[in-house]
Participant: 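Sharing a structure, written as C-alpha cells. Questions coming.
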Amino acid sequence: MLDVRGLRVDFHTRDGVTKAVNGVTYGVSAGETLAVLGESGSGKSVTAQAVMGILDMPPGRITGGEILFRGRDLLKLKEEQRRRVRGNDMAMIFQDALSSLNPVLSVGQQLGEMFVVHRGMSRKDARAKAVELMERVRIPAARQRVGDYPHQFSGGMRQRIMIAMALALEPSLIIADEPTTALDVTVQAQVMDLLAELQRELHMGLILITHDLGVVADVADRIAVMYAGRIVETAPVHDIYRAPAHPYTKGLLESIPRLDLKGRELYAIKGLPPNLMHIPPGCAFHPRCPIARAMCATDVPPLYEVGATRRSACHFWKETIDG
Ligand code: SF4
C-alpha cells in the first residue's frame, strides 16, 4: 500500500544544511504494523511528516525519492489532491493530544467536523457519528460526554479521542507518532492494545513511530530501525528480538530494563546521536559502535541482505547476529 523509496529530506537553516533523512526505503501493507524505531533526531518523524505531506517547507526540502501510495507518487500530486489523500486515506496520531485538539471546541464538535467537511453530513448526524466513534474507542458515557472539552478528559482518554479522530474517515493507513509517550505505563498499554485491536479489525496499515522497543514487541509485525536519517536494520519483529543484525539495534535491546536482571547496571549506548549537519563519514554509527573497525570510518555500509525479509546496514552483521 505504501512504498517509500530512497527518500531524502534536508532542512536549510542559517547555520547550514541538516540532512534529516538520507535515502529511507520502507513499506507497509494493508493490515500490517511497521514499527519505526530510533532515538530523537534519527529521522523517523520527519519521514512520517513527509509521507503525510505536513512537512514545513521551507525550511524542509525533499531532495530525492518517491512516496508511492497505492502506486501513485504523492510527491507529484498537487496540494489539493494531496489534501484529499490526507483526509480520506491516511491519518496521523500525535504524541500530545492536548496540543493537537482545539481547546475551545467540544470533542463532539471536533469529531463531528470531520463528517461535516468530508462527508457532507448534517450537524445532527455528525454528532451521532461522534458518539459512535467515542464508544468505539471505549470512552465511558460517550453520549453524556460528547459536549465536554478536551481539558475535561484524562491524558489517556484524550489519546483515545485522537485515535477516534484518526479513525473517523476509515483511512487505510494510520501513522502514530509516539502515541503513548506522554502517558503512564498502565494507560500506555491500554491505548496500545486499543490501537492494535482497531487496526486488526479495520485491516489498516499502521506505522508506529517510537523510541521504545518495549512498546512494539506485542503489536508490530516488522521493525525498521533508523539512525542518522537512514534505515540501519529492518526485519520481522521476532527476528530482531531473537538476534539483532546491527550493533545499534543490539544496543537498543540491551538498554531495555529487565526484571530478571535486577541490581545490574542498565546498559547505555555510549556517546550521543550525531549532529545531522556533520554526519560522520563511513558508517554514521562508528564513533559509538563497540565493534567498529578501520573500514567503518570510511566505507558507508549498504543495506546487506541478511535473509529473505531482513536487511542490515552493517559490514559485520554476521558477527553481530552470531554474538
Ligand atoms: Fe559498527 Fe562498523 Fe557495523 Fe557500523 S558498519 S555498525 S561501525 S561494525
Side-chain angles (χ1 to χ4, degrees), residues 4-10 17-27 34-47 64-65 209-217 220 222-258 265-323:
V4 178
R5 293 186 188 162
L7 186 71
R8 292 183 177 275
V9 182
D10 292 349
V17 178
T18 299
K19 299 211 157 290
V21 178
N22 301 304
V24 163
T25 294
Y26 67 51
L34 170 74
V36 182
L37 205 94
E39 291 162 296
S40 309
S42 59
K44 51 196 197 310
S45 295
V46 175
T47 306
I209 298 168
T210 179
H211 62 270
D212 184 351
L213 253 172
V215 165
V216 301
R222 273 187 315 120
I223 294 185
V225 182
M226 285 189 73
Y227 188 80
R230 282 189 76 196
I231 303 272
V232 293
E233 179 166 8
T234 170
V237 69
H238 300 298
D239 288 349
I240 286 212
Y241 279 87
R242 196 170 32 82
H246 194 285
Y248 178 59
T249 318
K250 198 169 178 185
L252 289 176
L253 277 168
E254 283 171 4
S255 47
I256 301 176
R258 283 172 49 182
E265 203 176 313
L266 202 57
Y267 177 81
I269 300 170
K270 69 168 188 176
L272 294 170
N275 177 341
L276 297 177
M277 277 188 200
H278 309 286
I279 296 177
C283 171
F285 187 57
H286 84 260
R288 306 173 74 188
C289 180
I291 62 161
R293 322 273 162 82
M295 74 176 288
C296 301
T298 51
D299 297 9
V300 177
L303 262 179
Y304 293 103
E305 247 181 60
V306 173
T309 52
R310 292 191 78 169
R311 306 275 182 281
S312 167
C314 175
H315 298 304
F316 303 102
W317 62 266
K318 274 199 191 108
E319 190 178 312
T320 310
I321 227 168
D322 292 341

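Both counts, for ligands and for their atoms, begin at 1 and track the order of listing.
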Participant: How about P280 and R288: do any of their side-chain heavy atoms sit closer than 4.5 Å?
Facilitator: no
Participant: Would you please classify the geometry between the F285 ring and the Y227 ring as parallel, tilted or perpendicular, with 30° and 60° separating the classes?
Facilitator: perpendicular
Participant: With a cut-off of 2.8 Å, does any N, O or S atom of C296 fall short of it relative to atom 2 (Fe) of ligand 1?
Facilitator: yes
Participant: What atoms of ligand 1 come within less than 4.0 Å of a heavy atom belonging to I291?
Facilitator: 8 (S)
Participant: Under 4.0 Å, heavy atoms only, figure out whether ligand 1 is touched by the backbone of H246, its side chain, both or neither.
Facilitator: side chain
Participant: Taking C-beta and beyond as the side chain, do S312 and T320 meet within less than 4.5 Å on heavy atoms?
Facilitator: no
Participant: Counting C-beta onward and ignoring hydrogens, is there a side-chain heavy-atom pair between M277 and T18 closer than 4.5 Å?
Facilitator: yes
Participant: Does a side-chain heavy-atom distance below 4.5 Å link L37 with Y248?
Facilitator: no
Participant: Which of the atoms of ligand 1 are close to C314, meaning less than 4.0 Å from one of its heavy atoms?
Facilitator: 3 (Fe), 5 (S), 6 (S), 8 (S)
Participant: Against heavy atoms of C289, which atoms of ligand 1 measure under 4.0 Å?
Facilitator: 1 (Fe), 6 (S), 7 (S), 8 (S)
Participant: Identify, for atom 4 (Fe) of ligand 1, the protein heavy atom at the shortest distance, and state residue, atom and that distance.
Facilitator: C283 SG, 2.3 Å
Participant: Numbering the atoms of ligand 1 from 1, which are under 4.0 Å from a heavy atom of H315?
Facilitator: 3 (Fe), 5 (S)
Participant: Quick one: does I279's side chain get under 4.5 Å of N22's, heavy atoms only?
Facilitator: yes
Participant: Counting from 1, what ligand 1 atoms have a heavy atom of F316 closer than 4.0 Å?
Facilitator: 8 (S)
